[in-house]
Amino acid sequence: MFTELDAKQKAPEREKATLEYWKSNDIFSQTITSREAEGAQEWVFYEGPPTANGRPGVHHVQARAYKDLFPRYKTMQGYLVRRKAGWDCHGLPVEIEVEKKLGFSGKLEIEKYGVEPFNKMCRESVMEYEQAWREMTERIGFWVNLDDAYMTMTNNFVESVWWSLKELWKKGLLYQGYKVVPYCAQDGTPLSSHEVSQGYKDVKDASIYVRFPLKNAAEKGLPQDSALLVWTTTPWTLPGNVAAAVAPNLNYVVVESELGPLVVCDALVEKVFGEGATAVDGKSFKGTELTGLEYEAPYTWFEFDKPGHRVITGDFVTAEDGTGIVHIAPAFGADDMLVGQENNLPVVRPVDPQGRFVEEAELIKGQWFKDADPIVIKDLKIRGLLFKKLVYEHSYPHCWRCKNPLMYYATDSWFIRNTSVQDRLIEKNQELDWHPSHIKNGRYGDWLNNLVDWALSRNRYWGTPLPIWECECGERDCIGSYAELAEKSTTPLDPSSPDFDPHRPHVDNVKLKCPKCQGEMSRVPEVIDCWYDSGAMPFAQLHYPFENKERFEKIAFPADFICEGLDQTRGWFNSLHQLGVMLFDSIAYKSVICHGLVLDGNGNKMSKTAGNAVDPWDILNTAGADALRWYLYVSAPPELSRRFSEELVSESARRFLGTILNTYNFFVLNANAARLDLSKANKPADREALDRWVLGRLNQLISEVTADLDVFDLTPAARKLDAFVDDLSNWFVRRSRRRFWAEEVDAFQTLWECLEALSRLLAPFVPFTAETLYLGLYQGKPPHASVHLESWPKADESLIDKTLLENTEVLQKVVSLGRSARSESGHRTRQPLPEALVRAKTAEQQEELEASVDQIMEELNVKSVRFLSIGEEFLDYDIKPNLRLVGKKYGKLVPALKKALQSVDGKAAAAAFASQETFKVDVEGETLELLPEELLVEAKSPEGFAAAEDSGYLVALTTELTPELEREGLARDVVRHIQELRKTSGLEITDRIELWVAGESEMLNKTLQEYGDTVKSETLALSLSVNGTVPEGANKAEVELKVLELAFTIALVKAGEANS
RNA sequence: GCGGUUAUAGCUCAGUCGGUUAGAGCGCAUCCCUGAUAAGGAUGAGGUCCCAGGUUCAAGUCCUGGUAACCGCACCA
């Protein structure tokens, strides 16, 4: 017996049972051990490590749904796919959470609290939500090995990272520099460019025009009291001013203002001073002529060690906005720093690393840098230096974690010189198989073209410590392993001890002996960017090169497949690629899917703060995991952002998953009733056309889905599966119903084969439903314990009969038109109609349709089918040019030809067409001879028929009813109502009955005489009594047929239970 | 500001090589069927294919320029 599915059971319950089954039978680990036993080739998947210090959201489910599909698919294809989970443990996100918990707001408080207890809390908080992640991961059926997950904070992982840093050090790719970097003053650390890009926000800042009065204007022929006019959007950087830059090739003029003569670029005079403003006496100066001018800076709090406060030239200065004169503060801008070095300018740093103004900055000492803006502006105004103040709206980078505005700030930090391998990174990017493909030369290609050195160090606490020790004498050393550390340490050290911790502050206490001066070397204070950790996972997860050397080098690198969100292009995808190229001169992954964002039901971005984030559990608990997964696969390709709501998910899944289960239940219901030996079925090639058709569709499906998945096109694959399920249920099953009731073993076997193959095809997509199907179809004795241990189906091309597939499409088209025609006729389907008139597009089609006449009759409930050939006197035709052919041949004449054909005699043209003669048309004075294939002849719906036409097909129904036909219709009505009563009486479909029908209509009595036996056999009635006495306790129903204006009563009892 | 992606029915999305009447599902309306039944199916209404140009006999499709949304990039002072 096949297991019937409980229709009342909700999907989540069924899925939980499947989860139990997988767990108790160890199915997931079997998918790996079984392939190991076979010595299967490995297919390598890397799991990008999430941080488990927050609850997982829908977007995490999304990523995991895509990630899960391909390993399952490849496993079924016979590959060994290990799936090691991973957790990102280090970094600012973790520290921020802990700071929040402790109520801290800066590094000073952490230092006071102590790095050791702080890092201990970080370590503990990292896995705080591991359980929540585990539950989600398991519930959605994402098979990944959580018990053997790599964690970036483990000693082994850190040691591998150290090894890699030393490799870079040896190659001269790791260096320290004093550079202007994006810097978060709140967190006291520089950020890398990919972190910066996460935090741009539109803000309104004050932009001001400031006077820099010139000291020696007259020397250059300028009015004595003139001043440079400088524009800035960051007033707080003015105390750091050391120079003013002009464009060497632009022209500058003097404009008179309330505040005296001002120097600006000539192209910007009107923009700054308003329309009609003009320069004084028309004199103009080239930028280069202005160099050497000195000015009084607004603030002179700092002693200069070199001459400053003078005019220099800079290529980056443009006349696009501002005044064409740029204020230079080397501490606060990369360009400024560069131009400062070129011009031998001093550097002053009025802001300390905590973001507060230093003591010397009298007016604003101790102020938070951004808070100094209004004070500076007010001060400038009082002193007559402020020419104009505007509000300037622009996007400005903010810290991606603490949300404070960043400063560009000159500081010592460590860099990876990836710009030195830029060409190789670009070259190797060409080998990556990006999905969607435009990322390769678009988003990621652009990034590589504009590469800057990777700012690696973080002035923080909880991260992989930078393994560089330095001596007062300047000697530096990079440590690449714990053994090396122990060997060079001045105090004994046992890396194998359980107490050994390479994190801060422990590692800070390790001192090395300087090989140069014999002094003591201390570790530099920085830790590294946690993105480096994640980029190191291909080798660090294996503790390479200390362990697994061969495995890494021969098998586990590069990955065949990775998949994450689009936002990882500059994140993980990038760090993997860069480390792959720099360390191994290799790509780190072959194929990569970048998926888009999840939006809420209204198309807005989901965010915790906006409160519109959908909790994945709301959907998992109602619609179920397969529904969620299926929606993600079928609704849109992964790279598109998609709307997401509970309704959208259940909607899409109900139709697809529901139809599959219904089809399965239909099979089970009938198969259990028939109890056939399915092995007695004919070979596929010897079965009926309907069976061969659906098996052809199936094998076509197998071949197409396989081809799609091989190139990671999961959405087209899902949509083809969807279309097949529809064909299976709504054509094969419906057309085969009578055959199932007749217990035709071929029909059963064909449906079983379709469902069995479907269970395997669906396994990577909807693993729960697939499993239910699979186990059910094998009646508890499956060849493998799970569909996920099965092999992927192979298409049997010999079963794909293209002609049969095409003919069936034509048949479906004709039936569809027939239904449309019947709907127009107003006659219910149960009422047989005398005749369907069918016109196919071509003679070949008509010939094929003639073989399917009985199917047309049955589908449309008509007594006969007549094919219309050209020449029927009641048919008229639309004549159109076959544009594909005619377009090329006649070119510009086509519009006129089209028009001419509208007014030709349709019948004559059709006759010519039918006899394969050319047809002459006059077009713009020319006579064109059209070949038959250049014409399209479409029959028009004839008058007086219920008819429907579409693209060359026509179906018309004759609707004159005879009393005979009406009685036949009535018989079907009677049967139908008896069936209804059977059901409401709670009978099993195999139960036999005794039957009574009573009514006063002459027509009814005649019908029952005529069709009594049919009624009996259709309803499994052993007896039929017309107008007889109904026993007590029988199930009764009154029936009123409005169409026929008659009423009758039916009654039945289960055979053998009549009590009279 | 620069770059990318997207724009087709109320919603979610297809639309091949440029070709004749632009499709599906959901929703809506009408109806049918029912031995898959707390299912299933059909029919119908619903379209400025974002806008404007251009190429072409012919454009949802190709080109140019815009617009909008999303994403990315950006030290532009």
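Throughout, a chain's letter reflects where its sequence line sits, starting with A, and its residues are numbered from 1.
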Taking it one step at a time, do A:Arg738 and A:Glu744 satisfy salt bridge (Lys or Arg N to Asp or Glu O under 4.0 Å)?
CA-CA 9 Å; A:Arg738 295 259 157 204; A:Glu744 269 186 41; over 6 Å; no

Does any residue of residues 976-985 of chain A have a heavy atom under 4.0 Å from RNA chain B, and if so, which ones, in number order?
A:Arg976, A:Gln979, A:Lys983

For A:Tyr252, all residues meeting ring pair (Phe, Tyr, Trp, His ring centres under 6.0 Å), sequence neighbours excluded
none

The side chain of A:Trp741 is closest to which nucleotide in this list: B:A42, B:G35, B:A77?
B:G35

Determine the Euclidean distance between corresponding C1' atoms of B:G15 and B:A7; express it in Å to zero decimal places.
15 Å

Given B:U12, B:A36, B:C57, which nucleotide is nearest the side-chain atoms of A:Ser635?
B:U12

Separation between CG of A:Leu957 and CZ of A:Arg822, rounded to the nearest 0.5 Å
6.5 Å

Side-chain-base donor-acceptor pair under 3.5 Å for A:Thr829 and B:A42
no

Kindly write out the residues that satisfy ring pair (Phe, Tyr, Trp, His ring centres under 6.0 Å) with A:Tyr183, not counting sequence neighbours, or none if the list is empty.
A:Tyr409

May I ask you to say whether A:Arg972 pairs ionically with A:Glu1018, meaning some side-chain N is under 4.0 Å from a carboxylate O?
no

In plain terms, say whether A:Glu934 and A:Lys889 are close enough for a salt bridge, that is, a side-chain N and a carboxylate O under 4.0 Å apart.
yes

Answer with base, sugar-phosphate or nothing: what part of the nucleic acid does A:Ser729 contact at a heavy-atom distance below 4.0 Å?
base

With rounding to whole Å, what would you report as the distance between B:G18 and B:G27 at their P atoms?
37 Å

Between atom CG in A:Asn450 and atom P in B:C76, what is the gap in whole Å?
14 Å

Quick one, A:Asn574 with A:Thr569, criterion side-chain contact (heavy atoms from CB on, under 4.5 Å). Give me CA distance, side-chain angles, the key distance, then yes/no.
CA-CA 6 Å; A:Asn574 175 56; A:Thr569 314; over 6 Å; no

Any Lys/Arg nitrogen of A:Glu949 or A:Lys940 sitting under 4.0 Å from an Asp/Glu carboxylate oxygen of the other?
no

Expressed as a whole number of Å, how far does the P atom of B:A39 sit from that of B:A24?
24 Å

What pairs of nitrogen or oxygen atoms, one from the protein and one from nucleotides 24-29 of chain B, lie under 3.5 Å apart?
{"from": "B:G25", "atom 1": "O2'", "to": "A:Arg655", "atom 2": "NH1", "distance (Å)": "3.2"}
{"from": "B:C26", "atom 1": "O2'", "to": "A:Glu651", "atom 2": "OE1", "distance (Å)": "2.7"}
{"from": "B:C26", "atom 1": "O2'", "to": "A:Glu651", "atom 2": "OE2", "distance (Å)": "3.0"}

Should A:Glu809 and A:Lys813 count as an ion pair when the cut-off is N to O under 4.0 Å?
no

Strictly under 3.5 Å: I want the nitrogen or oxygen pairs between protein and nucleotides 62-64 of chain B, one per line.
none

Using the C1' atom as the reference point in each nucleotide, state the distance between B:A9 and B:A22 in Å, no decimals.
11 Å

C1' atom, B:G41 versus B:C62: distance in rounded Å?
41 Å

Holding to ring pair (Phe, Tyr, Trp, His ring centres under 6.0 Å), I want the full list of residues that pass it with A:Tyr408, two or more places apart in sequence or in another chain.
none

Where the side chain of A:Ser823 is defined as all heavy atoms beyond and including C-beta, which of B:U43, B:C75, B:A77 is the nearest nucleotide?
B:U43

So what does A:Pro637 hit on the nucleic acid, given a heavy-atom distance under 4.0 Å: a base, only sugar-phosphate, or nothing?
sugar-phosphate

Taking NZ, NE, NH1 and NH2 as the nitrogens, is one of them in A:Arg655 or A:Asp726 under 4.0 Å from a carboxylate oxygen of the other?
no

Sugar-phosphate only, base, or nothing, as touched by A:Gly322 at under 4.0 Å among non-hydrogen atoms
nothing

If I pick the C1' atom on B:A29 and the same atom on B:A68, what distance separates them, to the nearest angstrom?
33 Å

Of the options B:A36, B:U12, B:A77, whose atoms approach the side-chain atoms of A:Arg737 most closely?
B:A36

By ring pair (Phe, Tyr, Trp, His ring centres under 6.0 Å), which residues pair with A:Phe212, not counting sequence neighbours?
A:Tyr295

What distance, rounded to whole Å, do you find between the two P atoms, one in B:U61 and one in B:U8?
13 Å

Please report the C-alpha distance between A:Lys841 and A:Glu938 in whole Å, then the side-chain angles of each, then the deciding distance to 0.1 Å, and finally whether the salt bridge (Lys or Arg N to Asp or Glu O under 4.0 Å) criterion is met.
CA-CA 8 Å; A:Lys841 222 171 181 176; A:Glu938 296 182 0; over 6 Å; no

Could you spell out the base pairing of RNA chain B in dot-bracket, with Watson-Crick or G-U pairs whose two distances are under 3.5 Å, [ ] crossing and | to another strand?
(((((((..((((.....[...)))).(((((.......))))).....(((((..]....))))))))))))....

Give A:Thr663 one of three labels, base, sugar-phosphate or nothing, depending on what nucleic acid heavy atoms sit under 4.0 Å from its own.
base

Do A:Leu901 and A:Lys880 touch side chain to side chain, with heavy atoms closer than 4.5 Å?
no

So A:Val733, base contact, sugar-phosphate only, or nothing? Heavy-atom distance under 4.0 Å.
base

Taking the side chain as everything from C-beta on, heavy atoms only, tell me whether A:Leu238 gets closer than 4.5 Å to A:Ile208.
yes

Need one value for A:Ile325: base, sugar-phosphate or nothing, where a base atom within 4.0 Å counts as base even if backbone is also close, heavy atoms only.
nothing

Between protein and nucleotides 16-20 of chain B, what N or O pairs are separated by less than 3.5 Å?
{"from": "B:U20", "atom 1": "O2", "to": "A:Pro881", "atom 2": "O", "distance (Å)": "3.1"}
{"from": "B:U20", "atom 1": "N3", "to": "A:Pro881", "atom 2": "O", "distance (Å)": "3.2"}
{"from": "B:U20", "atom 1": "O4", "to": "A:Asn882", "atom 2": "OD1", "distance (Å)": "2.7"}

Are A:Asp991 and A:Arg982 ion-paired here, with the side-chain N under 4.0 Å from a carboxylate O?
no

Regarding the side chain of A:Lys892, the nearest nucleotide among B:A42, B:G35, B:C57 is B:C57

With rounding to the closest Å, how many angstrom separate the C1' atoms on B:A36 and B:A69?
44 Å

Check side-chain contact (heavy atoms from CB on, under 4.5 Å) between A:Thr323 and all other residues, then give those that pass, not counting sequence neighbours.
A:Tyr209, A:Leu229, A:Trp231, A:Val264, A:Val272, A:Ile325

Who are the side-chain hydrogen bond (donor to acceptor under 3.5 Å, both in side chains) partners of A:Lys898, not counting sequence neighbours?
none

Between A:Lys10 (NZ) and B:A38 (P), how many Å, whole number?
12 Å

Write out a two-atom table: protein N or O, nucleotide N or O from nucleotides 1-8 of chain B, distance below 3.5 Å.
{"from": "B:G3", "atom 1": "O2'", "to": "A:Asp446", "atom 2": "OD2", "distance (Å)": "3.3"}
{"from": "B:G4", "atom 1": "O2'", "to": "A:His438", "atom 2": "ND1", "distance (Å)": "3.4"}

